[in-house]
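Here the structure comes first, spelled out in structure tokens, and everything after it is commentary.
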Amino acid sequence: MFKKSFLPAVLCLGLVTVSAQVTPPAADDLNSFFKPVRWRSIGPFRGGRSVAVAGVIGDPKTYYMGTTGGGLWKTDNLGLTWRNVSDGYFKTGTVGAVAVADGDPNVVYVAWASTPSAA
């Protein structure tokens with residue numbers, strides 16, 4: 001019984017292994033594949049370099065982004081639109097770290113690095 005079922009199983013395994021070996025597409029194929037893709041600007045228009053990001057647990061659409069010159073930004077639609085949530089609250093625009101409280105997504109921790117003053 002074992003010998004009769006062993007051979008078909010080995011043959012099937014060999015077919016699966018052979019069919020899984022696929023060659024990658026040529027560069028020309030990739031160019032034609034990505035041809036309809038168009039560049040678009042996403043994110044805030046004046047945010048600066050993004051140096052910190054944090055998401056909200058349980059809400060895959062909401063993220064916060066800290067930037068070097070534009071403060072703290074928030075999106076609640078997967079990055080389609082961003083709004084600045086730090087204007088009027090921070091004395092500096094540079095954000096170095098962002099964290100969202102696990103227990104309350106309305107609490108966002110922000111840290112920034114200060115420039116040492118000349119002696």
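Atoms considered below: every heavy atom in the structure, side chains included; atoms not considered: hydrogens, waters and symmetry mates.
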Atom [atom1] in [X], atom [atom2] in [Y]: separation rounded to 0.5 Å?
| X | Y | atom1 | atom2 | value |
| --- | --- | --- | --- | --- |
| D87 | L72 | CG | CG | 10.0 Å |
| K74 | Y63 | NZ | OH | 13.0 Å |
| L78 | K61 | CG | NZ | 6.5 Å |
| W112 | S86 | CH2 | OG | 9.5 Å |

Min side-chain heavy-atom separation V108-V98 under 4.5 Å: yes

What closest approach, in Å, do [X] and [Y] show between heavy atoms, and which atom pair accounts for it?
| X | Y | result |
| --- | --- | --- |
| A54 | A99 | CB-CA, 4.1 Å |
| N84 | G71 | ND2-CA, 4.4 Å |
| T68 | T94 | O-OG1, 2.6 Å |

Any link between [X] and [Y] through a network of hydrophobic side chains (Ile, Leu, Val, Met, Phe, Trp, Tyr) touching at under 4.5 Å?
| X | Y | answer |
| --- | --- | --- |
| V37 | F33 | yes |
| V51 | M65 | no |
| Y89 | Y64 | yes |

Atom OH of Y109 with >12 non-hydrogen neighbours under 6.0 angstrom: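 For Y109, atom OH is not crowded (no more than 12 foreign heavy atoms under 6.0 Å).
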
Residues L80, T75; criterion side-chain contact (heavy atoms from CB on, under 4.5 Å); working and verdict: CA-CA 7 Å; L80 292 175; T75 181; 5.9 Å; no

